[in-house]
2 protein chains.
Amino acid sequence: MMSPRLVRPGTKSASQAESSLDLRALQRTPGFMLRLAQLKFFEGFYEEFAALGLTPATYAIFVVIRDNPGVPPSSLASLLRLRLPNLIKILNELESSGFIKRSRSKADRRAVELMLTPKGAKVIAEGARLTEPYNQKMLAPLSEAEQRTLLDLLNRLLPFEGKAS
Amino acid sequence: MMSPRLVRPGTKSASQAESSLDLRALQRTPGFMLRLAQLKFFEGFYEEFAALGLTPATYAIFVVIRDNPGVPPSSLASLLRLRLPNLIKILNELESSGFIKRSRSKADRRAVELMLTPKGAKVIAEGARLTEPYNQKMLAPLSEAEQRTLLDLLNRLLPFEGKAS
DNA sequence: TATTGTTATACTCTATAACTATA
DNA sequence: TATAGTTATAGAGTATAACAATA
């Protein structure tokens with residue numbers, strides 16, 4: 001050991017323990033706080049949905065196809081803010097695993113229509129049952145009214161095509 | 001061209017135009033909305049701060065070192081939610097570019113103390129002047145009261161060591 | 001010629017293992 | 001033995017370019 005010091009053992013360093021850092025500037029930085037919040041939600045997601053093999057990306061893909069059967073990959077990509085080639089790679093895996101199927105549009109034979117298979121519908125149905133408890137766990141520090149406010153503010157912040165709920 | 005149709009030209013597909021998709025489930029999903037919001041802030045950041053060569057990561061690093069001179073890499077990493085090896089790589093670049101300097105702690109010669117050089121201090125000072133207009137631009141759809149509410153809710157959501165403002 | 005989907009590929013970000021030096 | 005920092009490296013996520021089929 002070294003000479004006696006005023007901070008308790010377990011702190012990182014006498015001069016700059018983590019708990020004594022000045023973080024006020026970052027706490028007032030919305031972009032930084034949004035990043036931390038998103039990391040929290042994604043880490044929690046992997047824990048909660050790991051058993052189903054769902055990732056945040058595949059969860060969102062399943063939900064959009066479920067609610068919009070026949071949606072083309074291009075719409076799905078722009079909606080989820082994924083580049084089309086990156087989405088295609090995921091769709092290839094989901095199709096070869098039997099969760100979705102592709103078919104060619106009769107009206108425009110370039111276009112692809114995406115559908116859930118029964119297997120895919122089953123997975124997202126099971127995932128949907130985990131969604132509420134998961135969201136409640138992540139949002140636990142906020143009251144129900146505050147949770148609604150947060151969601152509303154996020155919706156208003158984003159330039160969505162369709163109007164928010 | 002094909003036979004007449006009811007939707008206007010320019011829409012993606014007669015059956016599933018983007019603007020007619022049902023997105024309500026995702027809009028009620030906080031993790032998804034947080035991801036979109038964070039993407040918006042990061043894309044806006046790169047546009048606004050590109051001239052200074054700042055990224056969201058280096059901006060945050062500069063701010064924490066500025067407000068906490070001597071902070072060790074390990075504290076910085078856990079604070080910014082970066083893995084230490086990944087932070088070290090960034091610190092190496094920042095040091096060899098002359099923005100920060102490392103020195104060994106006298107009390108514990110394993111520990112490194114990070115400081116801004118005058119060059120680094122100048123960059124973050126210039127960056128700080130862009131911060132308010134940038135945040136206002138990103139948060140424009142919200143009133144000032146709503147902006148404060150959003151920031152407050154995000155702070156309350158996160159298990160911060162130091163108390164929020 | 002323009003659009004949809006696809007492949008190939010490169011680049012950034014993130015994660016893990018192992019090493020050095022100091023304690 | 002444990003800790004702080006560092007290196008090397010692998011993996012995931014994201015980006016652009018180019019091509020095939022269809023309009």
Side-chain angles (χ1 to χ4, degrees), chain A residues 1-3 5 9-18 35-36 38-39 42-43 45-46 55-58 60-61 70-78 80-96 100-114, chain B residues 1-5 9-18 35-36 38-39 42-43 45-46 55-58 60-61 70-96 100-114:
Chain A
M1 279 294 273
M2 43 177 299
S3 55
R5 48 182 181 176
T11 51
K12 302 284 166 140
S13 132
S15 54
Q16 285 294 348
E18 256 175 79
R35 175 176 174 269
L36 290 192
Q38 201 229 352
L39 280 176
F42 272 36
E43 287 167 8
F45 186 96
Y46 282 106
T55 67
T58 56
I61 290 169
V71 62
S74 53
S75 297
L76 192 51
S78 77
L80 302 182
R81 306 288 247 110
L82 299 172
R83 301 285 162 148
L84 194 47
N86 301 325
L87 174 61
I88 296 291
K89 218 182 328 183
I90 301 175
L91 293 179
N92 288 343
E93 291 162 10
L94 293 179
E95 187 175 36
S96 65
I100 66 169
K101 74 175 168 53
R102 284 186 253 224
S103 51
R104 288 283 166 182
S105 163
K106 292 196 167 186
D108 182 344
R109 302 214 11 263
R110 295 171 301 182
V112 164
E113 297 174 344
L114 299 170
Chain B
M1 277 295 273
M2 43 179 297
S3 55
R5 48 181 181 175
T11 51
K12 303 284 165 138
S13 132
S15 54
Q16 286 293 346
E18 255 175 79
R35 175 175 173 269
L36 290 191
Q38 201 228 352
L39 280 176
F42 272 36
E43 287 168 7
F45 186 97
Y46 281 107
T55 67
T58 57
I61 290 169
V71 62
S74 53
S75 298
L76 191 52
S78 77
L79 210 79
L80 303 182
R81 304 288 247 114
L82 300 172
R83 299 287 161 147
L84 194 47
N86 300 325
L87 173 61
I88 296 291
K89 219 181 327 183
I90 301 175
L91 294 179
N92 288 344
E93 291 162 10
L94 293 180
E95 187 175 38
S96 63
I100 66 169
K101 76 176 168 52
R102 284 188 251 222
S103 52
R104 287 283 165 181
S105 164
K106 291 195 168 188
D108 182 343
R109 303 215 11 263
R110 293 171 303 183
V112 164
E113 296 174 346
L114 299 171

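Below, read A as the first sequence line, B as the second, and so on, with proteins coming before strands; counting in each chain starts at 1. Excluded from the calculations below are hydrogen atoms, water molecules and symmetry mates; all remaining heavy atoms, backbone and side chain alike, are included.
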K.L.:
Please confirm whether the shortest side-chain N or O distance from Asn92(B) to OP1 or OP2 of dG5(D) is below 4.0 Å.
P.N.:
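It does not, given that no N or O in the side chain of Asn92(B) lies less than 4.0 Å from OP1 or OP2 of dG5(D).
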K.L.:
In whole angstroms, how far is the C1' atom of dC13(C) from the CD1 atom of Ile61(B)?
P.N.:
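Answer to the nearest Å: 13 Å.
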K.L.:
Assuming nearest nucleotide by heavy-atom distance, tell me which of Arg109(A) and Val112(B) is located more 5' along DNA chain D.
P.N.:
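Nearest-nucleotide comparison on DNA chain D picks Val112(B).
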K.L.:
Can you tell me the distance, in whole Å, between the CG atom of Leu87(A) and the P atom of dA8(C)?
P.N.:
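In whole Å, dA8(C) P and Leu87(A) CG are 17 Å from each other.
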K.L.:
What is the distance, rounded to the nearest whole Å, between atom CG of Leu114(A) and atom P of dT4(C)?
P.N.:
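After rounding, the reported distance stands at 14 Å.
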K.L.:
With sequence neighbours excluded, tell me which residues meet salt bridge (Lys or Arg N to Asp or Glu O under 4.0 Å) with Arg81(A).
P.N.:
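Partners of Arg81(A) under the salt bridge (Lys or Arg N to Asp or Glu O under 4.0 Å) test: Glu43(B).
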K.L.:
Excluding sequence neighbours, so at least two apart, what forms side chain to side chain donor-acceptor pair (under 3.5 Å) with Ser103(A)?
P.N.:
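With neighbours one apart ignored, the set is empty.
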K.L.:
If you take all heavy atoms of Leu80(A) and Ala60(A), which pair is closest and at what distance?
P.N.:
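The answer is CD2-CB, 3.9 Å.
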K.L.:
Ser74(B) side chain N/O closer than 4.0 Å to the phosphate oxygens (OP1, OP2) of dG5(D)?
P.N.:
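Answer yes for this pair, as a side-chain N or O of Ser74(B) is under 4.0 Å from OP1 or OP2.
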K.L.:
Would you mind reading off the distance between Tyr46(B) atom OH and dT14(D) atom P, rounded to a whole angstrom?
P.N.:
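Rounded to the whole Å, the gap is 12 Å.
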K.L.:
Just how far, in rounded Å, is C1' of dT7(D) from CD of Glu93(B)?
P.N.:
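Atom-to-atom, Glu93(B) to dT7(D), this comes out as 14 Å.
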K.L.:
Output all residues satisfying side chain to side chain contact (heavy atoms under 4.5 Å, CB included) with Arg109(A), sequence neighbours left out; order by chain, then residue number.
P.N.:
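For Arg109(A), no residue satisfies side chain to side chain contact (heavy atoms under 4.5 Å, CB included) once neighbours in sequence are set aside.
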K.L.:
Distance check: side-chain N/O of Arg110(A) vs OP1/OP2 of dA23(D), anything under 4.0 Å?
P.N.:
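No, no such contact exists.
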K.L.:
May I have the distance from Ile90(A) (atom CD1) to dT7(C) (atom P), rounded to whole angstrom?
P.N.:
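Atom-to-atom, Ile90(A) to dT7(C), this comes out as 14 Å.
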K.L.:
Only counting residues at least two apart or in another chain, list the ones meeting salt bridge (Lys or Arg N to Asp or Glu O under 4.0 Å) with Glu93(A).
P.N.:
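Partners of Glu93(A) under the salt bridge (Lys or Arg N to Asp or Glu O under 4.0 Å) test: none.
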K.L.:
With a cut-off of less than 4.0 Å, is there a side-chain N or O of Arg102(A) near OP1 or OP2 of dT6(C)?
P.N.:
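Yes, within the criterion.
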K.L.:
What protein N or O atoms touch nucleotides 14-16 of chain C N or O atoms at under 3.5 angstrom, if any, and at what distances?
P.N.:
{"unit_1": "dT14(C)", "atom_1": "O4", "unit_2": "Lys89(B)", "atom_2": "NZ", "d": "3.3"}
{"unit_1": "dA15(C)", "atom_1": "N7", "unit_2": "Asn86(B)", "atom_2": "OD1", "d": "3.1"}
{"unit_1": "dA15(C)", "atom_1": "N7", "unit_2": "Asn86(B)", "atom_2": "ND2", "d": "2.8"}
{"unit_1": "dA15(C)", "atom_1": "N6", "unit_2": "Asn86(B)", "atom_2": "OD1", "d": "2.8"}
{"unit_1": "dT16(C)", "atom_1": "OP2", "unit_2": "Arg83(B)", "atom_2": "NH1", "d": "3.1"}

K.L.:
Taking Glu95(A) for the side chain and Arg102(A) for the main chain, is one N or O donor matched with an acceptor at less than 3.5 Å?
P.N.:
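Yes, because the side chain of Glu95(A) sits within donor-acceptor range (under 3.5 Å) of the backbone of Arg102(A).
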K.L.:
Rounded to the Å, how far apart are Asp108(B) CG and dA21(C) C1'?
P.N.:
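My rounded result for the distance is 10 Å.
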K.L.:
Check the distance between dC13(C)'s C1' and Ile88(B)'s CD1 and give it to me in whole angstrom.
P.N.:
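Taking atom C1' of dC13(C) as the reference, CD1 of Ile88(B) is at 16 Å.
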K.L.:
Taking only residues two or more places apart in sequence, or in another chain, which ones meet Arg83(A) in a salt bridge (Lys or Arg N to Asp or Glu O under 4.0 Å)?
P.N.:
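Salt bridge (Lys or Arg N to Asp or Glu O under 4.0 Å) list for Arg83(A), sorted by chain: empty.
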